[in-house]
Structures are given as C-alpha cells and as structure tokens.
Amino acid sequence: MTQAPTFAVVGHPNKGKSSVVATLSQNDAIAIALEPGTTRKRQAYPLTVDGRTLYTLVDTPGFQRPRRVLQWLEAHSVSASDHVDTVSAFVTQHRDDGRFTDECELLAPLLDGAGIIYVVDGSVPYSAEHEAEMTILRWTGRPSLALINSIGADDYSDTWQTALGQFFQVVRRFDAVRAPFEQHLSLLRAFGQLEPDWEAPLEQATQYLSGQRQQRRRQAASLVARALDDMMSFQEKRTLTAGQAAETSDGSLADQLRQRWYRHQRQREQTLRVEIEHLYQHQRIRRQEAELEWHSEHDLFSEDSRRAWAVSKRYLATAGFGAGAVSGAGIDALTLGSSLGTGALVGGLIGAAGSYLYGDRLALPALNIGVLRDGLKTATFGPVQDSQFGYVVLGRAIDHWWHISHRNHAGRDLLELEPADHHWLESLDKGSRKDIQQAFDKCRKRRPLDLRQREKFTDAIEQCMAVYDDWRLNRT
C-alpha cells in the first residue's frame, strides 16, 4: 500500500467540520460543540485498521478573517504562478500574529501536502465571506472536495452546489450525523478521484472498511451468542451453615437468590451492550432503555414483552417443532430406521405442542432449597426454564446492535432503545430457527455447546441480524 493520503477539513467556524472528522475517522472522542471556536489547533486523526493507517483527517479551526487574508494575498501576488508561494509567505509572516492564528493553523497542513475537504452548512445562504475562503483555498493549488452538510431547517443547497462547483473538483451532500455507511465508502472513492496517487490507497481503504464491517457483524453475533449462553444457563447458588440456616427462612432465602439472579442477568446484558459498542469504536454512548424487569409492564415473562420483542406464540410452536423433531430422530436411530421417521415426527409434534402451551405458562427459573445435611444447606435459583427469556434477550440485543452498527461517530444524541413492535423474527429461515431453539434448550439444561453447535448458533444470530436489518430498511 502506498503512503496514506491526508485531508485537511476546513471551512467557516461551527459548520460541521469536527462532525465530518469524527464520522470519517470513526472517533467519538472528538469534541463537537455548538459554540464557535471549539477547535483552536489543528489535530490529526488517522483511521487505522489492523495497525495500518488508511488515511488521516486533520481537524482545523474555522476561518476568522478570510477577506483580510485575501486582501493581503492579492497585495503580495504578481501572477497566478506565485499563488502557492504567496500563501506560504502569509503563513510564515503571520504564524505568531494573534489576528490570523486560525488561518495559519488551517493553511499549514495544506502547504504540507494535504488535500482539501471544505465543509459548508447548506442551511445558511452563501456569502462574500465564503467566496473569500474558497478563493484562498484555490490559491493553495491542492486537490479539493466540498461537502454540503446541512445543519438547520432551511435549504440553500442548490445555490451552494452551483457556487462550489466553480471552485472545487468534486461537490457532495453529506450529513455527517446520519449518512449511511455506503455513503462513507462513496465519499472515499470520490477522494480518490482528486489525485491519481490517492486512487489506489483509497480503493484499498474502501475494501478494508467493507471487510471490517463484515468482520464486526460476525464478532457481534459471537458476543451475543456467548451472552445468551451465559444468561440462559446461569444458576444462583448459596450454601448456608447450620447457624445461618436457622436465622434465614426459606422465603427470605428464595427472595435473596431471586434478586441476585435478576441482578446478574441485568449486569450481563449491560456488559454485552458495552462490548458491542466498543467493537464499533463507540466509547461514549449515552443509552436509555427499559431494564430487564419482572414486576412491571416490561416484565420479561409477560406475553406483552414476548410480543414486543418479536416472539409470537406461533413462532415458539414452530421453533419447538424443529427442536422436538431432532430429539425424536434419536428414536429413529435406536430402531435402525425401522420407525420410518415416526420418532422425528412424534418428537416434533410434542415439541410444538409443548411450546405452544408453554407460551402461555411462562415458567420461571427453577427454585430448589435443600434440607440441612452434614451441617450445610444448599439452595439454587435457575437456570431459566422458559425459552421466551432467550428470545426477549435476543430481540433486545439485535435491536441494540442495529442502532450501534448504523450510528455515525458524530452522533451525540441519547440512544433510546424501544421494543421493535413487530414479529420480524418470523422471517428467519427454518434452519436458523432450529439452531437457536436447540442452543436455548441446551443452555437452559446447562449442557455446554460444542464447537460445531456454537458456530451454528453464531451463524443463526448473524442471520437474525440480516433479517432485522432488512425489516428496518423496508418497514413503513
């Protein structure tokens, strides 16, 4: 790979430069504020994948006195052939001049060879100040691209498009907060059109980022599978001495175990949230969602909760049929096939019927309190007995993953997670349904998944992501 290109993101103060840098460098640590002057020194942000820098973006202060700068340049230039040298002379002469600190900071990386990304707010009208800025940038002779990033409600984009087209090689509209990932890649390819030497590295950059996105989806599916395994199989256990047992009633002990079990499940789910966010390089998400609850309208074991998170009674029945049929296949194997598949059919019907009826019964985790023996008393709560628990956690996890994987790093608003309100899971193929149900059944029986089963479980969750993605994109 040839040397990675560098781009200086320049423009008027407070018009979205830092937002563009944050999104294209996948860095949510970059300060984005409504007040002008947040960025006072240029700062380089490389985008690195697997230790390789694909490109570097330089965040810069905004122009403060563009018309004064342009007056100086025009006064010290003889012809177009000396424009670059004149800009260089301006920076050298005014580096320590407080009146032009911001202009020197933003012009310096251009003189060092960076390309120009000029950012304008399409919701404000074009002015003479902007024209002075664009003229100064043209004097640097650097490859240039302009982005129209509308911040407010008004729209002057068409006027901007015409004006920018006279100064810049490429003009694009780009919402740094909401632009989908495909637009990021399209923008990188546009950068490659600015300079022949940049075409190859930026084409490689788009390939790396596309591959990284696929890899992250797989890793996210693996994290969700591991969390579901942990949560479905978890058992809270406590052993009491004779003295402790005498001071604790069975009711109090049961309540303690139940509360610890609930707390563990909430904490494990929150750990999954953070793991997914860090996987996508989001370190500062402010998130709001209903916690896993059992005694409110968000009760995990309520039918409302099941419906809200995509699991219908019919779905549970068909998933139960798939898992039951597999169990029944063992009967066929024992009879060396003489049952002609009857075992699989019976097993499937029993599984389906059990799941259909079971969907209304909503079994709680098992509570077992032993008797005092050899001076010790043991009590356990869990694992969960209801597959619905797994489907609710799965639905919440997939919804969170979707929001994080589609969130740009310039987005700073509160992430509010709400029930999906649709049975999207029913679009899942039969094979994936069966693999999920089998994994749930093994987990709640505390039987470990072998490597092949874990791979199939991860595959099925990845398929859930694809189904959910499709539902989100096509819902009305």
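These numbers were taken from a predicted model, which means no experiment stands behind them.
- The two atoms that bring N149 and F174 nearest to each other are OD1-O, 3.1 Å, heavy atoms only.
- One distance of note links NE2 of H409 with CZ of R284; it measures 10.5 Å at 0.5 Å rounding.
- When side chains are defined from C-beta on, V10 does not count as touching L107, because their heavy atoms never get closer than 4.5 Å.
- Taking the six-membered ring where the residue is Trp, F90 and F100 present perpendicular rings, their angle passing 60° and hence far from 30°.
- Looking at heavy atoms from C-beta onward, F457 lies in side-chain contact with L449 at the 4.5 angstrom threshold.
- In this structure, the side chains of P5 and E195 stay at 4.5 Å or more apart for every pair of heavy atoms.
- Separating the CG atom in D175 from the OG atom in S150 is a distance of 8.0 Å, to the nearest 0.5 Å.
- Between W198 and F7, the gap from one ring centroid to the other is short of 6.0 Å.
- To the nearest 0.5 Å, atoms CG (L394) and CD1 (I398) are separated by 5.0 Å.
- Rounded to the nearest 0.5 Å, atoms CG (L223) and CD (E275) are 5.0 Å apart.
- Looking at H264 and D230, their side chains never bring a donor and an acceptor atom within 3.5 Å of each other.
- Looking only at side-chain heavy atoms (C-beta outward), I404 and L415 come within less than 4.5 Å of each other.
- Salt-bridge annotation for K456 and D450: absent, with no side-chain N of the basic residue lying under 4.0 Å from a carboxylate O of the acidic one.
- The shortest side-chain heavy-atom distance between L47 and L57 does not fall under the 4.5 Å cut-off.
- Going from atom CG of L24 over to atom CD1 of I117 covers 6.5 Å, rounded to the nearest 0.5 Å.
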**Request:** Go through the steps for R216 and Q281 under the test side-chain hydrogen bond (donor to acceptor under 3.5 Å, both in side chains), then give the verdict.
**Result:** CA-CA 11 Å; R216 282 177 173 173; Q281 294 182 225; 2.7 Å; yes

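- Between G390 and L228, the closest heavy-atom pair is O-CD2, 3.5 Å.
- Every ring-ring contact (aromatic ring centres under 6.0 Å, His included) that H76 has, sequence neighbours left out, goes to W72.
- Side-chain atoms of D82 do not come within 3.5 Å of backbone N or O of D85 as any donor-acceptor pair.
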**Request:** Would you sort out whether D435 and R454 count as a salt bridge (charged side-chain N to carboxylate O under 4.0 Å, His left out), showing the intermediate values?
**Result:** CA-CA 9 Å; D435 292 337; R454 186 166 294 283; over 6 Å; no

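- A donor atom on one side chain and an acceptor atom on the other are not found under 3.5 Å apart for T101 and R95.
- Donor-acceptor pairing under 3.5 Å is lacking for the side chains of Y280 and Q26.
- The shortest heavy-atom contact between P109 and A8 is CG-CB, 4.0 Å.
- The distance from atom CD1 of I276 to atom CD of Q219, rounded to the nearest 0.5 Å, is 9.5 Å.
- The main-chain N or O of R65 is found under 3.5 Å from a side-chain atom of E103 such that the two form a donor-acceptor pair.
- Heavy atoms from other residues, nucleotides or ligands lying under 6.0 Å from CZ of R178 number 12 at most.
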**Prompt:** Hey, mind stepping through E289 and H400 against side-chain contact (heavy atoms from CB on, under 4.5 Å) and telling me if it holds?
**Reply:** CA-CA 10 Å; E289 67 175 319; H400 172 256; 5.6 Å; no

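- In summary, the side chains of Q437 and D441 do present a donor paired with an acceptor at a separation below 3.5 Å, with no hydrogens or angles considered.
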**Message:** For a ring pair (Phe, Tyr, Trp, His ring centres under 6.0 Å) check, start with the C-alpha distance between F440 and F389, then their side-chain angles and the critical distance, and finish with the verdict.
**Reply:** CA-CA 9 Å; F440 283 175; F389 174 82; 8.9 Å; no

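- Tested against E269, the residues R273, R266, Q265 include a single side-chain hydrogen bond (donor to acceptor under 3.5 Å, both in side chains) partner, R273.
- Checked by atom type and distance alone, the side chain of R142 never pairs as donor or acceptor with a backbone atom of L111 at under 3.5 Å.
- Results of the side-chain hydrogen bond (donor to acceptor under 3.5 Å, both in side chains) test with Y208 over R213, E203, R52 single out R52 as the only residue that passes.
- Side-chain atoms of N27 come within 3.5 Å of backbone N or O of A29 as a donor-acceptor pair.
- At least one donor-acceptor pair closer than 3.5 Å links the side chain of T140 to the backbone N or O of L137.
- We find that D459 and R218 are joined by a salt bridge, their nearest charged nitrogen and carboxylate oxygen being less than 4.0 Å apart.
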**side-chain contact (heavy atoms from CB on, under 4.5 Å) between L147 and K15, worked out** = CA-CA 11 Å; L147 296 181; K15 298 303 177 190; over 6 Å; no

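- Side-chain atoms of D470 never come within 3.5 Å of backbone atoms of A466 as a donor-acceptor pair (strictly under, hydrogens ignored).
- Side-chain atoms of T60 come within 3.5 Å of backbone N or O of V9 as a donor-acceptor pair.
- No salt bridge links D102 with R42; every basic N to acidic carboxylate O contact stays at or beyond 4.0 Å.
- A 4.5 Å side-chain heavy-atom check between Y126 and M134 finds at least one atom pair inside the cut-off.
- Side-chain contact between L145 and Q193 is absent, with no heavy-atom pair separated by less than 4.5 Å.
- Legend: residues meeting ring-ring contact (aromatic ring centres under 6.0 Å, His included) with H130, ordered by chain and number and at least two apart, are H12, W160.
- Of the possible donor and acceptor atoms, one in the side chain of R433 sits under 3.5 Å from a partner among the backbone N and O of E426.
- In this structure a side-chain-to-backbone donor-acceptor pair under 3.5 Å is missing from S233 to R446.
- Taking 4.0 Å as the cut-off between side-chain N and carboxylate O, D229 and R444 do not count as a salt-bridged pair.
- Side chains of D399 and Y468: a donor-acceptor N/O pair is present below 3.5 angstrom, by distance only.
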**Message:** Does Q463 form a side-chain contact (heavy atoms from CB on, under 4.5 Å) with L428? I'd like the steps, not just the answer.
**Reply:** CA-CA 7 Å; Q463 191 59 32; L428 195 62; 3.7 Å; yes

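- In plain terms, the two heavy atoms of R287 and L414 that are nearest each other are N-CD1, 3.9 Å.
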**Request:** Applying side-chain contact (heavy atoms from CB on, under 4.5 Å), run through R172 and L187 and close with a yes or a no.
**Result:** CA-CA 8 Å; R172 292 286 181 91; L187 202 56; 4.1 Å; yes

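- Here Y55 and F191 keep their ring centres 6.0 angstrom or further from each other.
- Using a 4.5 Å cut-off on side-chain heavy atoms (C-beta onward), V20 and D59 make no contact.
- The nearest pair of heavy atoms linking L425 to C464 is CD1-SG, 3.9 Å.
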Give the table of side-chain donor-acceptor pairs shorter than 3.5 Å for residues 162-170, with sequence neighbours excluded, one pair per line with atom names and distance.
residue: T162; atom: OG1; partner: D158; partner atom: O; Å: 3.2
residue: Q169; atom: OE1; partner: S144; partner atom: N; Å: 2.7

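- Side-chain atoms of S186 never come within 3.5 Å of backbone atoms of E182 as a donor-acceptor pair (strictly under, hydrogens ignored).
- Closest approach of A221 and E462 over heavy atoms only: CB-N, 3.9 Å.
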